[in-house]
Q: 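Could you have a look at this structure, given as structure tokens, before my questions?
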Amino acid sequence: MFKNFIMKIIVITGPTASGKSDISLEIARRLSGEIISADSMQLYKGLDIGAAKPDKRELETVPHHLIDLFEISERLDVFRYVELADKAICEIRKRGHVPVIAGGTGMYIRALLYGLDPLPSNPELRTKLDAEFDSEPGFEKLKDLMSVKDPGDFQRWKQHRRKLIRALEVFEITGKSITELQKTWKDNPSLRYDVFAGTLVWDRDELKKRIETRTDKMLESGWVDEAREMIKQGLLQSPTAHQALGYKIIAEYLEGLIDRETMRCRIITSTWQYARRQITWFKNQHPESIPIKMPTDMEKLIEEIRMAGF
RNA sequence: AGGUGAGUAGCUCAAUUGGUAGAGCGGCGGUCUCCAAAACCGCAGGUCGCAGGUUCGAUUCCUGUCUCACCUG
């Protein structure tokens with residue numbers, strides 16, 4: 001029959017504020033592509049300014065996917081993202097268009113490209129485990145439990161509450177250690193797609209400046225009001241969306257605990273720390289990706305992508 | 001001008017009844033398979049305001065000096 005036909009996709013990643021949206025929009029426009037967001041927070045409705053979603057004009061220029069799909073009260077995870085992205089890629093290819101994955105959530109992108117081992121999960125069990133162990137005193141109990149039940153994983157993650165809870169979840173379902181069930185990704189990095197992947201790379205000081213400028217822009221365009229509204233809707237208590245950067249800091253400002261300048265500085269600092277983690281991630285977890293020095297020559301980049309068969 | 005207090009890591013502050021100093025935050029590096037804009041691990045920074053004195057030895061005591069804050073006039 002047909003050989004396993006591997007679909008071609010383009011992936012543009014990079015740290016926050018590196019210009020992924022602009023670059024991918026341009027690529028999509030030129031190569032009749034459609035954009036799939038790879039951003040854990042853009043999936044949520046209402047986090048518009050804070051998640052730096054593309055604006056109306058950009059959304060009209062090129063079709064976008066995996067944006068505004070869920071309420072902030074919903075729980076999301078990598079597995080769910082991969083399902084959605086796979087589906088979106090399929091549909092775009094059916095239309096004869098090129099999927100352009102654009103985003104900074106490295107874990108989602110790596111999982112999409114290299115796949116996830118079929119580790120089981122059970123939402124009810126997980127909720128129960130979280131309630132029991134995801135706290136300071138719970139962590140102590142968890143360590144005691146895991147050290148006898150699953151010593152291997154305990155050794156591996158003994159200081160990492162969340163990973164230990166996940167290990168316990170898998171252990172409860174399968175009776176096996178999660179470490180045993182996971183193939184190490186680096187031993188067998190086989191791609192699920194035929195991909196052209198680029199990581200946007202900036203000079204550090206440049207990127208810092210961009211983060212500052214963008215933060216100011218976000219604040220000017222009403223981020224505080226957006227945050228007030230989302231907090232009212234329960235953002236801070238939400239299972240996943242509460243992790244979105246900045247909102248917790250803005251909450252402190254709204255409560256009068258810090259002044260506006262302090263808020264601004266703290267947002268910039270935590271955004272920078274996030275960017276650094278992303279840089280580390282993309283540097284070490286994505287052998288498929290080539291660095292794209294920014295600012296880049298768009299013509300040359302498009303040419304390069306065309307040469308790769310798009 | 002006089003009085004009081006403070007001057008210790010980039011920042012906020014500990015400690016040493018005299019034996020050359022720690023923490024948090026920040027910075028830097030890293031980990032990462034179902035909360036990842038998360039969570040976790042590691043590392044590097046200090047001539048202890050400056051100048052003298054006492055002492056085997058001072059960041060710690062004494063004197064002077066500078067800076068800052070507050071108080072009095």
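Numbered from 1 within each chain, the chains take letters A, B, ... in sequence-line order.
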Q: Would you mind telling me which of A:Lys128, A:Arg161, A:Arg166 makes a salt bridge (Lys or Arg N to Asp or Glu O under 4.0 Å) with A:Asp134?
A: A:Arg161

Q: Using a heavy-atom cut-off of under 4.0 Å over every strand shown, decide if A:Leu181 touches base, sugar-phosphate, or nothing.
A: nothing

Q: Could you give the CD1-to-C1' distance, from A:Ile279 to B:rC28, as a whole number of Å?
A: 12 Å

Q: Have a look at A:Leu112 and tell me which of A:Val195, A:Val78, A:Ile89 forms a side chain to side chain contact (heavy atoms under 4.5 Å, CB included) with it.
A: A:Ile89

Q: What is the separation between atom CZ on A:Arg276 and atom P on B:rG42, rounded to the nearest whole Å?
A: 16 Å

Q: Could you check whether A:Arg126 gets within reach of a base, just the sugar-phosphate, or nothing at all, counting any heavy atom under 4.0 Å?
A: base

Q: Given the structure, check if the side chain of A:Asp134 and the base of B:rC35 hold any donor-acceptor pair shorter than 3.5 Å.
A: yes

Q: B:rC34, OP1 or OP2 - any side-chain N/O from A:Arg80 closer than 4.0 Å?
A: no

Q: Closer than 3.5 angstrom, by distance alone: can the side chain of A:Gln278 be matched with the main-chain N or O of A:Gly104 as a donor-acceptor pair?
A: yes

Q: Please lay out, stage by stage, how A:Met218 and A:Ile267 fare under the test side chain to side chain contact (heavy atoms under 4.5 Å, CB included).
A: CA-CA 11 Å; A:Met218 288 160 76; A:Ile267 291 173; over 6 Å; no

Q: Tell me, with the steps shown, if A:Thr213 and A:Asp216 meet side-chain hydrogen bond (donor to acceptor under 3.5 Å, both in side chains).
A: CA-CA 5 Å; A:Thr213 311; A:Asp216 286 334; over 6 Å; no

Q: May I ask you to verify if any side-chain N or O of A:Arg204 is less than 4.0 angstrom from the OP1 or OP2 atom of B:rG29?
A: yes

Q: OP1 or OP2 of B:rG26 sitting under 4.0 Å from any side-chain N/O of A:Thr269?
A: no

Q: Atom CD1 of A:Ile250 and atom P of B:rA37: how far apart are they, to the nearest Å?
A: 17 Å

Q: Is the phosphate of B:rC28, meaning OP1 or OP2, less than 4.0 Å from a side-chain N or O of A:Trp272?
A: yes

Q: A:Gln278 side chain N/O closer than 4.0 Å to the phosphate oxygens (OP1, OP2) of B:rA37?
A: no

Q: Find out whether A:Arg93 and A:Pro99 are in side-chain contact, i.e. whether some heavy atom of one side chain is under 4.5 Å from a heavy atom of the other.
A: yes

Q: Taking only side-chain N and O atoms of A:Ser40, does any of them lie within less than 4.0 angstrom of OP1 or OP2 on B:rA36?
A: no

Q: Between B:rG30, B:rC40, B:rG29, spot the one nearest the side chain of A:Asn284, thanks.
A: B:rG30

Q: Kindly point out which of B:rG27, B:rA39, B:rA37 is positioned nearest to the side chain of A:Gln273?
A: B:rG27

Q: How far does the P atom of B:rG22 sit from the matching atom of B:rG57, given to the nearest Å?
A: 24 Å

Q: Compare the minimum distances between each of B:rC35, B:rA37, B:rC34 and the side chain of A:Val78, then state the nucleotide with the smallest one.
A: B:rC34

Q: Output the pairing pattern of RNA chain B as a dot-bracket string, 5' first, Watson-Crick or G-U wobble with both distances under 3.5 Å, | for cross-strand pairs, [ ] for crossing pairs.
A: (((((((..((((........)))).(((((.......))))).....(((((.......)))))))))))).

Q: Syn or anti: how is B:rG49 classified when any glycosidic angle within 90° of 0 counts as syn?
A: anti

Q: Can a side chain N or O of A:Tyr81 be found less than 4.0 Å away from OP1 or OP2 on B:rC34?
A: no

Q: Taking CD1 from A:Ile268 and C1' from B:rA37, how many angstroms apart are they, rounded to a whole number?
A: 16 Å

Q: So what does A:Ala241 hit on the nucleic acid, given a heavy-atom distance under 4.0 Å: a base, only sugar-phosphate, or nothing?
A: nothing

Q: Name the nucleic acid region contacted by A:Thr240, choosing base, sugar-phosphate or nothing; use a 4.0 angstrom heavy-atom cut-off, strictly under.
A: sugar-phosphate

Q: Has the side chain of A:Thr240 got a donor or acceptor atom that lies under 3.5 Å from a matching backbone atom of A:Leu76?
A: yes

Q: Without decimals, in angstroms, what is the distance between A:Lys163 NZ and B:rC35 P?
A: 9 Å

Q: Both A:Tyr247 and A:Leu116 contact RNA chain B. Which one's nearest nucleotide lies toward the 5' end?
A: A:Leu116

Q: Do you know which two heavy atoms are closest between A:Leu164 and A:Trp157, and how far apart they sit?
A: CG-O, 3.4 Å

Q: Which part of the nucleic acid, if any, lies within reach of A:Ser270 when heavy atoms closer than 4.0 Å are counted: base, sugar-phosphate only, or nothing?
A: nothing

Q: For A:Leu164 and B:rC32, what is the distance between atoms CG and P respectively, to the nearest whole Å?
A: 16 Å

Q: So what does A:Arg156 touch, heavy atoms closer than 4.0 Å: a base, only the sugar-phosphate, or nothing?
A: sugar-phosphate

Q: Is there a side-chain polar atom (N or O) of A:Gln243 under 4.0 Å from OP1 or OP2 of B:rC35?
A: no

Q: What is the nucleic acid contact for A:Lys248, judged by heavy atoms within less than 4.0 Å: base, sugar-phosphate only, or nothing?
A: nothing

Q: Salt bridge between A:Lys209 and A:Asp205, side-chain N to carboxylate O under 4.0 Å?
A: no

Q: Does A:Arg162 put a side-chain nitrogen or oxygen below 4.0 Å from OP1 or OP2 of B:rA36?
A: no

Q: Considering every strand and a 4.0 Å limit on heavy-atom distances, what is the contact class for A:Gly104: base, sugar-phosphate, or nothing?
A: sugar-phosphate

Q: So, under a plain 3.5 Å distance rule, would you say the side chain of A:Asp39 forms a donor-acceptor pair with the base of B:rA37?
A: yes

